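In the text below, chain A, chain B and the rest are named by the order of the sequence lines, each starting its count at 1. Values in this document were obtained by computation on a predicted structure and should not be read as measured data.
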Number of protein chains: 2
Amino acid sequence: MTGTASRPTLEAVAARAGVSRATASRVVNGGDGVREPLVERVRRAVEELGYVPNQAARSLVTRRHDAVAVVIAEPETRVFADPFFALQLRGISKELTAHDSQLVLLLTEGRDDHVRVGRYLAGGHVDGALVFSLHLDDPLPGLIHGAGVPTVFGGRPGWGDGPRDAVPTVYVDCDNRGGARDAVRHLVGLGRTRIAHITGPLDQTSAADRLDGFRDVMVDVDPALIAEGDFTPAGGERAMRELLERRPDVDAVFAANDLSAAGALRVLRERGRRVPDDVAVIGFDDMLPVAEQTDPPLTTVRQDIEEIGRLMARLLLRRLDRAADEGPVGAPSSVVLPTTLVRRASA
Amino acid sequence: MTGTASRPTLEAVAARAGVSRATASRVVNGGDGVREPLVERVRRAVEELGYVPNQAARSLVTRRHDAVAVVIAEPETRVFADPFFALQLRGISKELTAHDSQLVLLLTEGRDDHVRVGRYLAGGHVDGALVFSLHLDDPLPGLIHGAGVPTVFGGRPGWGDGPRDAVPTVYVDCDNRGGARDAVRHLVGLGRTRIAHITGPLDQTSAADRLDGFRDVMVDVDPALIAEGDFTPAGGERAMRELLERRPDVDAVFAANDLSAAGALRVLRERGRRVPDDVAVIGFDDMLPVAEQTDPPLTTVRQDIEEIGRLMARLLLRRLDRAADEGPVGAPSSVVLPTTLVRRASA
DNA sequence: GCACCGGGTGAGAGCGCTCCCGGAACACCG
DNA sequence: CGGTGTTCCGGGAGCGCTCTCACCCGGTGC
């Protein structure tokens, strides 16, 4: 049943159109330098036979695959027990599709998998890679770099902006620091003075950057007003409890993401603090199912997740195209997307 | 920079090991029928040269790709603005990885994309496909069937269990109907008598099956106690309001998923109904970030999403292996996974 | 009218691999 | 000791495609 009749080859198309294989190939690949009547004949033959090029044969000679790998580390997947994951992938997928490229998904967990992924990438099965690697100590970036595969990172990689083997790393991220500043300034504008921050896991650059943004505004802040969370609701609860204990007079909280904000909100309600009257709360991400469903609805810093994915793909594809055209290797630069403050009821 | 030094070929490995290409190939592919010393020599050569087989060349002759497509339609992606998506993929990924197969992700949106996906699958780029297609009128299954690619569906496809061109469709799903029955029986056990149901979009089999389960227990139920939702919180709110209007005496609600249950919960609180005292509420899915965070925490029917993904992959792989071994084509049968009722505070 | 040119076309090599098949080496039995 | 397997290895064809290169042919310039 499954393709007993083997699929037609370019040879067959050529024969049917009465041309050589070379000409048929030219037509299939755009038809430049072939006279119109022949183009037409070949096109028709393709149509009639239902010809689809054999990608394997093509890759074998061109060494292109029209495929890029998307690497997502397991810890991320856990964090992505939220729409992040789907949205980024959607953005990436759209862009790749428009470019006739396939998306090979690699989810990893644990060290062994890193090796596997490294080997896969080094194996030259894909033209490039999009990597989500948010942890400082992640060995993945190193492996990937060693594999010599064009790569764009999602989120600023952990090793800082300094040169790494003089190879510029390209990444797409949102303006975590600026967004955090906006949030805190908004709280200040509300007249709040005892503003606390619930951080994310500080080994992730996004969390670190948001903390930096908080500090930009709250210079010389009382350290007791900073509690470490982990981007989860439970972590948010824990951190909020700590904060209330250390500084019962707290009148605003900037949480590093919506999930921890939701946790904080719950503790505040439990303790009888009114939001936003007694304590104003701001989150980060604008993760709709969460931010809109909290009580009260969450004021938060929005980042366009899907756009990040789309841009990552676009950057990578552009780089690949350039490599193909042997054009000027314009230093590919990272992109930092702006954030916007979304006002709802909590602050 | 990117692989100026081209990667070593099997030829190179053979030369270095002092054997023929054929023998080297044999070793790389398991080493059967090659004497130990030679195996060892080839292995070392592979190691030293960092040889990785060229998948394109291999596929060209074997017609296998060690890759399967995962097709997720856009409407699903929207529904999957929750952990579904990530979890299923994780399950699939684990299984495929263990089988050295790659995961090619195809996200679709709109009709044009269906054509694209159909062509891709028909193009013989992958060995099989895992398809999430939950809508009754989805043309995708037809296209896929036409493409003649071994496929396993996620969720019972819409066309019923009847034969479709005498080709049995294989799917993996959770026991939607049984789970619904359990939920409703639990409510009955609580002494509730005016039990309502907030459905999902009824063009999806999961929603339809859950409704059937509800009806199994609530025979001759007042139609006013059934309100159509759409699996979203907003839909849940709307449905709950309708229910309260039509039957103010309602004392229990079984919502077709956690998201709509969350919406219902909010409306109940807003109307001053205590949960579970006045109205008991049960959801479906046990989507942790939602079910655990509602107020009160949601009693719900758990399905093992990741396991569904894993099973889909396993079923497909088994089928592919069998095809390769030319073994008996044991009628591949669908799998329906059990659900469990998770008791929290809402019922 | 002839050398020249350039766009359009076809012949053919070869990408890296698998797998069939024939031959070498060896064991065993009559 | 010759015949018959058996096991192991290498030669070589060929998967379907792209791409270089040589060739053909109509048009120009002198």
Side-chain angles (χ1 to χ4, degrees), chain A residues 3 5-43 45-46 49-67 100 122-125 127 324-326, chain B residues 3 5-43 45-46 49-67 100 122-125 127 324-326:
Chain A
S6 66
R7 302 189 298 109
T9 72
L10 191 58
E11 187 77 49
V13 172
R16 187 178 189 102
V19 300
S20 73
R21 210 172 54 240
T23 298
S25 172
R26 278 186 274 260
V27 172
V28 169
N29 292 290
D32 301 329
V34 179
R35 256 188 299 246
E36 193 47 42
L38 282 197
V39 172
E40 197 43 50
R41 287 231 301 278
V42 174
R43 289 253 160 82
V46 166
L49 295 174
Y51 170 75
V52 181
N54 181 318
Q55 185 60 41
R58 183 179 272 175
S59 297
L60 185 56
V61 31
T62 60
R63 279 133 194 294
R64 299 195 73 242
H65 300 85
D66 293 317
D100 283 319
H125 301 291
D127 300 326
D325 298 350
E326 217 68 68
Chain B
S6 67
R7 302 190 297 109
T9 73
L10 191 57
E11 188 76 51
V13 172
R16 186 178 189 102
V19 300
S20 74
R21 209 172 53 240
T23 299
S25 173
R26 276 187 275 261
V27 172
V28 168
N29 291 292
D32 301 329
V34 179
R35 253 188 301 245
E36 192 48 42
L38 282 197
V39 171
E40 197 43 51
R41 286 231 302 278
V42 173
R43 289 253 160 81
V46 166
L49 294 174
Y51 170 77
V52 181
N54 181 320
Q55 184 61 40
R58 182 180 273 174
S59 297
L60 184 56
V61 30
T62 60
R63 279 132 193 296
R64 298 195 75 244
H65 299 85
D66 294 317
D100 283 318
H125 301 291
D127 301 324
D325 298 349
E326 217 70 70

### Message
Could you work out, with side chain to side chain donor-acceptor pair (under 3.5 Å) as the rule, every residue matching B:Glu40, not counting sequence neighbours?
### Response
none
### Query
Which residues pass the side chain to side chain donor-acceptor pair (under 3.5 Å) test with A:His65, sequence neighbours left out?
A:Asp127
### Query
From the list C:dG8, D:dT20, D:dC8, which nucleotide is the closest neighbour of the side chain of A:Arg35?
C:dG8
## Note on the structure
By salt bridge (Lys or Arg N to Asp or Glu O under 4.0 Å), A:Arg21 pairs with (sequence neighbours left out) A:Glu11
### Task
Encode nucleotides 12-17 of chain D as B, S and - characters from 5' to 3', where the letter depends on protein heavy atoms closer than 4.0 Å: B to the base, S only to sugar-phosphate, - to neither.
BB-BBB
Show the atom names and distances, to 0.1 Å, of all donor-acceptor pairs under 3.5 Å that link a side chain in residues 26-37 of chain A to residues at least two apart or in another chain.
{"unit_1": "A:Asn29", "atom_1": "OD1", "unit_2": "A:Arg58", "atom_2": "NH2", "d": "3.3"}
{"unit_1": "A:Asn29", "atom_1": "ND2", "unit_2": "A:Ser25", "atom_2": "O", "d": "2.8"}
{"unit_1": "A:Asn29", "atom_1": "ND2", "unit_2": "A:Ser25", "atom_2": "OG", "d": "3.4"}

### Query
So, is A:Ser20 near the phosphate of C:dT9, with a side-chain N or O under 4.0 Å from OP1 or OP2?
no
### Query
Below 4.0 angstrom from OP1 or OP2 of D:dT18, is there any side-chain N or O of A:Thr62?
no
### Task
Please identify each residue that fulfils side-chain contact (heavy atoms from CB on, under 4.5 Å) with B:Arg16, with sequence neighbours left out.
B:Ala45, B:Glu48, B:Leu49
## Note on the structure
By side-chain contact (heavy atoms from CB on, under 4.5 Å), A:Val52 pairs with (sequence neighbours left out) A:Arg7, B:His125
### Query
A:Leu38 CG to C:dG7 P: how many Å, rounded?
17 Å
#### Entry: Euclidean distance, atom CZ of residue A:Arg26 to atom P of D:dC21 [Å, nearest integer]
14 Å
### Task
Using the side chain to side chain contact (heavy atoms under 4.5 Å, CB included) rule, take B:Val42 and B:Val13 through it: C-alpha gap first, then chi angles, then the decisive distance, then the call.
CA-CA 7 Å; B:Val42 173; B:Val13 172; 4.1 Å; yes
### Divergence of helical axes at both termini of the helix from C:dG1-D:dC30 to C:dG30-D:dC1 - five pairs an end, 10° steps
50°
### Minimum heavy-atom distance B:Ser59-A:Ala56, with the two atoms named
CB-CB, 3.8 Å
Shorter than 3.5 Å, N or O on both sides, protein versus nucleotides 4-6 of chain D: list them out with atom names.
none

